Structure formats: structure tokens, C-alpha cells
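For clarity, every value in this text was computed on a predicted model and none was experimentally measured.
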Amino acid sequence: MNKILLSTLGVAFSSYAFSTTELASVKVTAKGFNSSLYTESTDVQTIYIDELESMKSSLSDILSSASGVQISQNGGTAQYTNVQLDGINLKNTLVLINGQAIGSATLGQASLNQIPVNQIDRIEILKGSGSSLYGSSAMGGVINIITKQSGNQLSIARGSFDETDVSARFQTKVTNQLTTGLNISHQKSEGINSRIGSYYDFNSGTSAEYDTDKDGNENTTLTGNVNYQENNLSISNSVYVSKGDIEFDAPGGDDKSSFENTQINTQINYTFDSINLSSMLSRHTDQSKNYGVINTKENADEFTTKSNYLSVQGQYNSDLVEAILGTDWKRDDIGDSKLSTDYQKSTTDNISVFTQNAIRLSDNIMLALGTRLDDHSAFGQKQTFNTSVVSKLSDHQLTISHESGFKAPTFNDLYFPTAGNPDLKPEESLQTSVRYDYSNDTHELNIKAYYTELDNLIAWAPTEANANIWQPANVNEAIIKGWRASIKENWTSQLSTSLSGSRTITENKEDNKELALTPEYSVKAKIGYTTGSYMLSTDITYTGSRFGSDRTEKLNGYKLANISANYRINNNANVGLIIKNLADQNYVPNTQYEGIPRSLLVSLRYEL
């Protein structure tokens, strides 16, 4: 996976000078492998450690700075956040931690803001379908979050809304072959009162106002790693544990949620000559429960997803050819959930075979082809593909791609008690895109145009027999088309700027209305300046008008400005300041939700 890095506040450090590596092309992983030819054909942005260490902000804030990425957050930092990649929602985007999927099998998506920024090394964002390599949920793209595995640091941050963040990172080189690491962080905030307006209370038969209390959160996260490398063999082990509580406003129901997520990964790689063999084994557990009004924390239904994953694959590399061939297996199990009413079925299995190939036809032309066949226990077989032609001349590259994707129905869609529909088909996508890239040491220009068709979209609606009972069905088709462009300049070793803009046009074929939470126009600009021990940065974003999640009325567009500053006290310590929503703009990110007002965060970091 390739290229550039962006940050929420446009902050970059390289020995505390504004980083010029923003414009450099790099190798990143494709299904666990370093892949140079595959990288050339994909649309990927990588957010690196330098940007992330320079701020103490939410993951969604960081993602929002990337071109083609739109964020809609329902309230404060830890609240539900929808992320769109070129108009396709988070539920159709695969989220990985260290290359392995996270998220609930019942809801079918991950909670991004449960992952603390200070434990992340880099984020790889693949825009465009990744289903032919990764399978279900990668219909809109892939967000791969890679945790830190180097350095020793203590940090503390304090800010608005009584926010406190404390973290520690320790890495040890036991021998020349063996390294270990441990990251621990704790976040707490009283939050804001974000939900506004009223709702219809079915119990009383009258209208009621949402609570005016603040909705806080508390979260403790641990990540660890043990890595061994000798000659051609490498063994990587990682663990991720996140546990916490979130408050929210619900229409007459429970208003608190607790969660606990655990992931354990092991990957073995062996390389000889031009061949790389890899095996990957992981287990992810997602537990959650809602309580507070109707239920107590002790008697509330507890949803538990256990996902087991095994992958075996091989890669052949040469100057002209790159080939990946593999198979993987995944089982989702909700049998350990503690529910008042059981689901119709508690397990699903998926087994797949896939291949990804890249051939350099000449010095200037490269062809990429990939396909994957999934066999799912709920709906049978599903095949996806990708094909790209890349023409490269000096610093210029033109890429034409055509790719398909799919999203498997969730457990709630298929087997929810009394309401699931086991006959559902997977959602499908088909995208054609043209991308132009130009880059050298000081300039980068990226332009992309795309046309995406979505089919068999799943929607819940009242049944004909009983309007109080809702059931899902494959009823919707949609079209997403648009373009985006970004330009970056390193004017000097101290001054860097970037500007990006996009237009996204959507249509739900069922009612000929636009899709929810997708602004037609978006503009993002940032500038960073460093001198000596100081660094200053600012960014401005414009989000155009769009429908809220209920698609009844358009929400007004809004502009936000953020600034940051950093001062290096000595070789080990530095202090940072972030001010978000500098002008204290009132804005509505989603129907019945208010945006976050002006906030301030001060952080102190000490390298051990």
C-alpha cells in the first residue's frame, strides 16, 4: 500500500522539522506482505507516526484530513462516528488492527474512536474495493491500524470537557533477534450534551425531549507485542485489549454502553530467494451491553462475538512479476452472548481462495489482476475481482481500475430474534476509476474520478403483516460518482502546504434522493511552519450540505478551523497545544446532533 501521509492538523515531525516525507512513495503491506507492484496499482494513503505523535486527538479527527474521507460524528470524541471513503459508509469498510479485522458480527462494523491515537504507529487507508483480497466488508475500502512497536515514552494530556489522557510505552530489545513492547493508555472525558430536539415516546404516546446531560466516556487500552526475527524467519505476536464505558442519548431507552474488545494475533513469515510464505492466526472477541434506563448493567443483554481467523498464503516476487496465492478461513460465533431471546443461529463460517497478480509489461506499463472466491455458510459463494492498468512515465502515473466488492449480511440482518431474514443476499459494488498521480521531492498532485454502482443494499422496514415489526430485505440500489483532487507542496524545509477538494454525487435508485451523510462538496487546506524548537500548524475544512441520517431534510454546510503548536523543551521532552473549532462555530454533523464546540488540549511527552 502506497503513498502519502496526512494529519488532522497538518503536523509533521522529522527531528522536529516539518516532514518532507509526505511526498515520498513507500512500501506498505498487502495482506501481510511488502508489495511494490501491487502498491503501484492501488489508491492508498498512509498516515505515519510523526503526525500522530504531534497531537492528542481522536482517530476520526486524523482520518478526516485524508482526501476522499468524510467524517460524521454523533457528539463527543467517543461517540458513534461514520467514516465514508469516496461516499461509501463505514459499515462497508473493513477496519483492521495489525492486519486483522475488528468489530461486532451482530452490528457488522467497528467502533473507531475506541482506539487511542497514542498507541498507533501508522494508518493505511485503501480507497476502492478491497474485497478481491480481503473479502467481505472491504466493499468501500480498508482502514488498517498498526500499533506502535518501538520507543519508550510517558505522556499526559489535559483539555476541555474535563478530558484527561495518560499513556506509557515501553519497548525492550531482549536479544538481537527478540524484541518486546507494551503500550498502556487511559482516557476519560465528561463529554458534551450533543443530542438535541425531541422524539416520540411510544410508552407514553407523547413527544419527549432528549436528556440535557453531558455524555462522557472512559476507556483503558493495552497493546503488546513479542517479535522474533532470525535470518529468513520472522514471528510476530501482538495483543490488543480495550475496555470502557460510553454515555449517550437514546429515545426513551438505555443511555449507557460498556464494551470490551480483545484481539490476539500471530503471524509467521519465511522468505527464501523470491518466495515468501506466510501463515496468520488471530482471535478477536467483541463484548458490549447497553444499560442505564430500562436495564441495569448486571441484567442487560450482553452481545459477545468471537471471531477466529486463519490464513495461509505465498508470494512470488521478481522485477517483472508479483503473484500472491492464498486461502483463509473465518468463523464468527455469538453463542456466548447472554440474551433474553436467542438468535435464530449462532455461528457462520467463510472459507476463501484468492490470488493477486501484477505483471510489468514494459518499463512504462504494468497490469494488475486479482480475484477471490468466498464460500459463506449463510448465502453460498461470492466471487470478486480487480483489474488495473498502470502507465508510468518518469514522475507521472495514470491508473485505470475496474473492481467489484461485497458485504455479507450481519448476524442482526440474518438471524435477529423474530426479525432476521436468513434469505438475504450480500450487498454488492462495482467501481470504475481513473487516477492521475504526479510526485517528486517537493510536489505531489493526485486526481481521481470514479463511478460506483451499489446493488442489493439491505434496509430494515416494517412488515406488511405488522407495522411494529421490522425486517431487513435487499431492496435498494444506489449510484455514487465523483472526483477528488489534492496538491501538496514543500516550499522550503520549514514550510509545507496542502489543498484538496472533492465532489460526490449520490442517488438512491429506490426514491431518487441523495444518500445520507454524503456532502456533495468538500474542501480541505492546511499549512505548517517550523523553525528551531517551535512548530505551528493550521488546517481549515469545509463540509458541504447533505442529508442527515433520516434523509428528511438537508443539513447546512459548515467550516471548521484548527490550530496546533509544539515546543521542544529539551532532547527528551516537548509540550503541545491543540485548539479545535477555533472560531467556535455552531454546526450540525447529523440530524438532532450538535457539533463539538471550541476545545483545547495541552499535552506533555517525555522520551525515556
Side-chain angles (χ1 to χ4, degrees), residues 1-12 18-26 28 39-48 50-51 60-71 83-88 122-128 140-143 390 392 395-401 431 433-452 480-491 495-505 518-528 537-544 557 559-562:
M1 298 182 175
N2 94 7
K3 296 196 179 182
I4 54 184
L5 52 120
L6 295 162
S7 72
T8 305
L9 302 175
V11 180
F18 198 85
S19 173
T20 59
T21 60
E22 278 195 295
L23 305 180
S25 178
V26 299
V28 289
T39 292
E40 291 185 28
S41 66
T42 55
D43 181 11
V44 181
Q45 292 177 313
T46 302
I47 305 174
Y48 293 94
D50 286 344
E51 282 79 5
S60 60
D61 282 340
I62 295 172
L63 293 173
S64 68
S65 66
S67 176
V69 177
Q70 298 296 333
I71 301 293
V83 178
Q84 290 186 342
L85 303 183
D86 288 337
I88 298 182
R122 69 184 186 272
I123 305 171
E124 302 168 351
I125 309 171
L126 168 65
K127 287 170 282 187
V142 179
I143 299 173
V390 180
K392 192 168 186 178
D395 297 329
H396 305 267
Q397 178 173 309
L398 180 68
T399 306
I400 302 174
S401 300
Q431 183 180 93
S433 65
V434 179
R435 193 176 80 250
Y436 168 75
D437 301 291
Y438 169 79
S439 63
N440 59 24
D441 292 339
T442 58
H443 314 283
E444 184 169 294
L445 173 65
N446 308 101
I447 303 173
K448 181 178 181 179
Y450 55 89
Y451 183 90
T452 306
I480 302 173
K481 58 184 178 181
W483 59 264
R484 53 180 163 84
S486 62
I487 185 169
K488 302 177 181 64
E489 294 280 348
N490 282 337
W491 300 96
L495 179 64
S496 180
T497 62
S498 70
L499 177 67
S500 66
S502 65
R503 185 184 185 191
T504 307
I505 301 172
T518 309
E520 182 173 353
Y521 293 99
S522 174
V523 180
K524 305 174 184 181
K526 64 179 181 180
I527 181 170
S537 179
T538 184
D539 73 276
I540 300 174
T541 63
Y542 167 74
T543 300
K559 298 180 288 291
L560 296 176
N562 310 306

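- Contact annotation: the side chain of Val523 never approaches that of Thr541 to less than 4.5 Å [non-hydrogen atoms, C-beta and beyond].
- Residues passing the side chain to side chain donor-acceptor pair (under 3.5 Å) test with Tyr436, sequence neighbours excluded: His396.
- Between Asp86 and the options Arg503, Arg484, Arg435, a salt bridge (Lys or Arg N to Asp or Glu O under 4.0 Å) holds for only Arg484.
- Looking only at atom types and distance, the side chain of Thr504 has no donor-acceptor partner in the side chain of Glu520 under 3.5 Å away.
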- Message: side-chain contact (heavy atoms from CB on, under 4.5 Å) for Thr46 and Ile125? Distances and angles first, verdict last.
- Response: CA-CA 6 Å; Thr46 302; Ile125 309 171; over 6 Å; no
- Query: Which is it for Val434 and Tyr450 under the side-chain contact (heavy atoms from CB on, under 4.5 Å) test, yes or no, and what are the steps along the way?
  - Reply: CA-CA 7 Å; Val434 179; Tyr450 55 89; over 6 Å; no
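- The two residues Ser500 and Ser486 have their closest heavy-atom pair at CB-CB, 3.6 Å.
- Lys127 contributes a side-chain N or O that, together with a main-chain N or O of Ser67, makes up a donor-acceptor pair within less than 3.5 Å.
- Within the 4.5 Å cutoff, no side-chain heavy atoms of Ile62 are placed close to those of Ser64.
- The two residues Ala561 and Ile540 come nearest to each other via the heavy atoms CB-CG1, 4.1 Å.
- When every heavy atom of Ser439 is checked against every heavy atom of Glu444, the shortest pair comes out as CB-OE1, 3.9 Å.
- Between Lys524 atom NZ and Thr543 atom OG1 the span is 7.5 Å, to the nearest 0.5 Å.
- When all heavy atoms of Ser498 and Lys488 are compared, the pair lying nearest together is CB-CG, 3.7 Å.
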- Verdict with supporting geometry, Glu489 and Thr442, side chain to side chain donor-acceptor pair (under 3.5 Å): CA-CA 6 Å; Glu489 294 280 348; Thr442 58; 5.2 Å; no
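- Side-chain polar atoms of Trp491 and Ser496 form no donor-acceptor pair below 3.5 angstrom.
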- Message: Under the criterion side-chain contact (heavy atoms from CB on, under 4.5 Å), I'd like the reasoning laid out for Val69 against Leu85: C-alpha separation, chi angles, the key distance, then a yes or no.
- Response: CA-CA 5 Å; Val69 177; Leu85 303 183; 3.6 Å; yes
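- Asp43 has a carboxylate O that lies under 4.0 Å from a charged side-chain N of Lys448, or vice versa, which qualifies the two as a salt bridge.
- Here Asp437 does not pair with Lys392 in a salt bridge; the nearest charged N to carboxylate O distance is not below 4.0 Å.
- For the residue pair Ile71 and Ser60, the shortest heavy atom distance occurs at CG1-O, 3.6 Å.
- At distances below 3.5 Å, at least one donor-acceptor pair connects side-chain atoms of Thr538 with backbone N or O atoms of Asn562.
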- Query: Yes or no on side chain to side chain donor-acceptor pair (under 3.5 Å) for Gln84 and Thr518, after CA distance, side-chain angles and deciding distance?
  - Reply: CA-CA 8 Å; Gln84 290 186 342; Thr518 309; 2.9 Å; yes
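- A distance of 8.0 Å separates NZ in Lys526 from CG in Asp539, rounded to the nearest 0.5 Å.
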- Task: Mind running side-chain contact (heavy atoms from CB on, under 4.5 Å) on Leu495 and Ile527 for me, showing each step along the way?
- Result: CA-CA 7 Å; Leu495 179 64; Ile527 181 170; 3.8 Å; yes
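- With rounding to the nearest 0.5 angstrom, the CD1 atom of Ile505 is 7.0 Å from the OH atom of Tyr521.
- Within the model, atoms CD1 of Ile123 and CD1 of Ile47 stand 4.5 Å from one another, a figure rounded to the nearest 0.5 Å.
- Nearest approach of Ala485 to Ile447, heavy atoms of both residues: CB-CG1, 4.1 Å.
- In this structure, the side chains of Ile480 and Ile88 come closer than 4.5 Å at one or more pairs of heavy atoms.
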